[in-house]
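Computed from heavy atoms alone, side chains included, the values below leave out hydrogens, waters and symmetry copies. Atoms within each ligand, like the ligands themselves, are counted from 1 in listed order. Starting from 1, each residue takes its place in the sequence as its number.
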Amino acid sequence: MAARTGVQFLEGLRRRPRDLWIDGQRVADPVDHPAFRNIVRSIAALFDMQHEPALRDEMTYASPSSGERVGLSFLVPRTRDDLVRTRKMMKRWADYSGGFMGRTPDYLNRALVGYASAAEYCGENDPRFGENIQRYYEYVREHDLCLTHTLINPQANRSVGPARQADPFLAARIKEENSRGLVIRGARMLATLPVSDEIMVFPSTLLKVGEEDAPYAWAVAIPNDTPGLRFLCRESFDYGRSHFDHPLGSRFEEMDAVVIFDDVLVPWDRVFLLRDVEKCNRAFAATGAVAHMAHQVVTKNVAKTEFLLGVASLIVDTIAIEPFQHVHEKVAEIIINLEAMRAFLYASEMEAQVNRWGALQPAWPPLDAARNVYTRMYPRMVEILQQLGASGFMAIPTEQDAQGPQGEAIRKYYQAARADAVDRIKLFRLAWDIAISAFGSRQVLYERFFFGDPVRMAGAMFNSYDRKPYMDRVREFLERAGRQAPSVPEVRAPGDGSTG
Ligand SMILES: Cc1cc2nc3c(=O)[nH]c(=O)nc-3n(C[C@H](O)[C@H](O)[C@H](O)COP(=O)(O)OP(=O)(O)OC[C@H]3O[C@@H](n4cnc5c(N)ncnc54)[C@H](O)[C@@H]3O)c2cc1C
């Protein structure tokens, strides 16, 4: 079976030590390092699901090349049923973390599905590039690799492009091309889940058409242990505490890293686009990759909103605040968000169309609407949790407290209307890890930005959405209203006497 087990994923990480840094030190083995040991085990658990006898058919399909079972998130959809099957598989992975792992491997598997199904798009740049992306997709599928990606240039001076920064090699750029491949120097910001197998270094930031930005316009993928490739991590929000104390941070802290390329050699067979600014600017949309990714993202949003609804409802029940009307309104707001996300997701499947590359592409407008609105919905739902939990979030003793000399006092004074003290504290610590902790704050930032700057996403929607039919309809209405209505002869009822 090509689909990997968790142990195979962990062994893979160990076999290929990468240049990974945190707190001023190089990480010798991420599988055992305190900042990474929990997240890599959470990813491993996802891989293991593929091998559970009851889930095997739901999570995998027969590879068209090897016939072996491979992960279903690699499926190129041809029918609506393919889309629905893939969504169900992705939902199961999302539910594992309540949606708090943004980088379950299906996220980038869907990007690869988009790119590879549109291999001709890369091939138009150079026929070898089309073959490369197709081969790379098959390689990742057959080896069940877990990918990270980096798209954004460093945030030094956003008022000018990468070529006009203080140093032209601040943003990763082609330093040279030689017989073996491209040599890349500079940095990219940011890559979530650096404890993955390989990195897709793809275009996203809009570049200026012309020679100036051409050295920044390319798409490649390389193993994370490629010489010269370095990951500088932020501090970890997994503080090494128990699942009782930090229910989410102790499991799902994915980590984000700045990626540095110190003259990294990218072999030619890993180059998918090169020096074609216009093609790079359009790549995610033109290949359908962004729609396939958004299908995964909105599936995750449904899982996450369901989880938030569960947490909010348990808070309401536990401290008996259900009599209050504003509480109903707040919980209803979460329900409305959930149903809206579901509706966007189902609409994207119902209105899916075969794209010019022959893949069935989920409809973009509902997914685009979902990704725009979730940047506001998610922070608001976190605010609702804070409004419901109030000072309860400050009455959350740790596991050590509960087991220590104050245990008896805690059991008495931390009880709730419908839960004993320990169950109340467990629930409120979970809600705290969503709404207040460093892990929770990073989740808010993630939902605001990970799929792009919301301001520019709205701008892109403004510019691309076909509003003309609606303008025409209103124009036609105004014309109709302005035309003189035909005069109707006055009809008097027989014997109509005026009564004043
Ligand atoms: C937690 C987290 C994880 C992430 N993970 C990844 C990852 O794995 N891989 C990856 O590639 N990226 C990742 N990202 C980056 C993400 O793609 C960017 O945050 C997003 O595209 C916005 O870019 P930026 O952060 O550079 O913001 P900036 O572009 O620096 O924007 C800063 C501010 O300036 C404004 N601004 C800047 N330029 C313009 C403009 N031209 N027009 C209008 N306003 C402008 C923005 O609206 C914003 O208010 C992640 C981000 C976060 C927060």
Side-chain angles (χ1 to χ4, degrees), residues 20 39 43 99-112 115 146-162 164-165 170-172 186-208 213 216 218-222 224 229 231-238 248-249 252-261 280-281 283-285 289-290 293-294 296-297 300 304 371-372 374-376 378-379 382 437-463:
L20 179 70
I39 183 62
I43 298 277
F100 285 95
M101 278 162 76
R103 297 308 158 87
T104 48
D106 48 341
Y107 175 65
L108 288 171
N109 293 350
R110 295 318 281 163
L112 261 189
Y115 272 98
C146 175
L147 305 181
T148 180
H149 76 329
T150 187
L151 315 174
I152 303 296
N153 292 323
Q155 192 189 47
N157 181 352
R158 285 286 188 252
S159 64
V160 291
R164 302 269 170 109
Q165 301 291 319
L170 204 57
R188 279 284 180 95
M189 183 187 89
L190 196 66
T192 298
L193 199 70
V195 280
S196 44
D197 301 301
E198 300 223 347
I199 184 164
M200 290 168 66
V201 192
F202 269 51
S204 157
T205 316
L206 280 190
L207 298 169
K208 222 166 73 188
D213 278 359
Y216 303 93
W218 34 274
V220 306
I222 46 177
N224 286 347
L229 186 64
F231 296 91
L232 298 192
C233 299
R234 60 164 167 76
E235 73 173 90
S236 173
F237 302 144
D238 177 353
L248 299 175
F252 309 127
E253 153 62 317
E254 293 179 310
M255 183 53 71
D256 309 287
V258 169
V259 187
I260 297 175
F261 300 77
C280 282
N281 284 348
F284 273 94
V290 72
M293 292 169 89
Q296 189 274 351
V297 165
K300 179 270 297 169
K304 202 165 188 172
R371 73 166 182 155
N372 270 273
Y374 208 67
T375 64
R376 294 193 292 275
Y378 186 76
V382 165
S437 71
F439 177 89
S441 298
R442 185 251 176 212
Q443 289 282 325
V444 172
L445 193 72
Y446 182 84
E447 295 298 352
R448 281 191 206 279
F449 280 109
F450 84 96
F451 216 30
D453 170 20
V455 173
R456 280 168 278 171
M457 289 194 316
M461 182 182 254
F462 176 85
N463 288 316

Checklist line | Partner set under side-chain hydrogen bond (donor to acceptor under 3.5 Å, both in side chains) for Asn372, not counting sequence neighbours | finding: Asp368

Next item on the list: Evaluate the side-chain proximity of Ile152 to Leu190: yes if any heavy-atom separation is below 4.5 Å, no if none is.
Entry: no

Next item on the list: Would you check if Glu447 and Lys300 make a side-chain contact, meaning some heavy-atom pair closer than 4.5 Å?
Entry: yes

Check: Can you name the residues that form a side-chain contact (heavy atoms from CB on, under 4.5 Å) with Arg164, not counting sequence neighbours?
Finding: Val160, Lys208, Glu212

Item checked: is_close_aromatic(Tyr115, Phe202), centroid dist under 6.0 Å -> yes

Notebook entry, point to check: In chain order, what residues pass the side-chain hydrogen bond (donor to acceptor under 3.5 Å, both in side chains) check against Ser437, with sequence neighbours excluded?
Noted result: Asp433

So what's ligand 1 close to, N/O to N/O, under 3.5 Å?
| from | atom 1 | to | atom 2 | distance (Å) |
| --- | --- | --- | --- | --- |
| ligand 1 | 5 (N) | Thr192 | OG1 | 2.7 |
| ligand 1 | 8 (O) | Arg103 | NH1 | 2.6 |
| ligand 1 | 8 (O) | Thr192 | N | 2.8 |
| ligand 1 | 8 (O) | Thr192 | OG1 | 3.3 |
| ligand 1 | 9 (N) | His149 | O | 3.0 |
| ligand 1 | 9 (N) | His149 | ND1 | 3.4 |
| ligand 1 | 9 (N) | Leu190 | O | 2.8 |
| ligand 1 | 11 (O) | Leu151 | N | 2.7 |
| ligand 1 | 11 (O) | Leu190 | O | 3.4 |
| ligand 1 | 26 (O) | Arg158 | NH2 | 2.7 |
| ligand 1 | 29 (O) | Arg158 | NE | 3.0 |
| ligand 1 | 29 (O) | Arg456 | NH2 | 2.6 |
| ligand 1 | 30 (O) | Gln155 | NE2 | 2.7 |
| ligand 1 | 30 (O) | Arg158 | NE | 2.8 |
| ligand 1 | 38 (N) | Arg456 | NH2 | 3.4 |
| ligand 1 | 47 (O) | Asp453 | OD1 | 3.1 |
| ligand 1 | 47 (O) | Asp453 | OD2 | 2.7 |

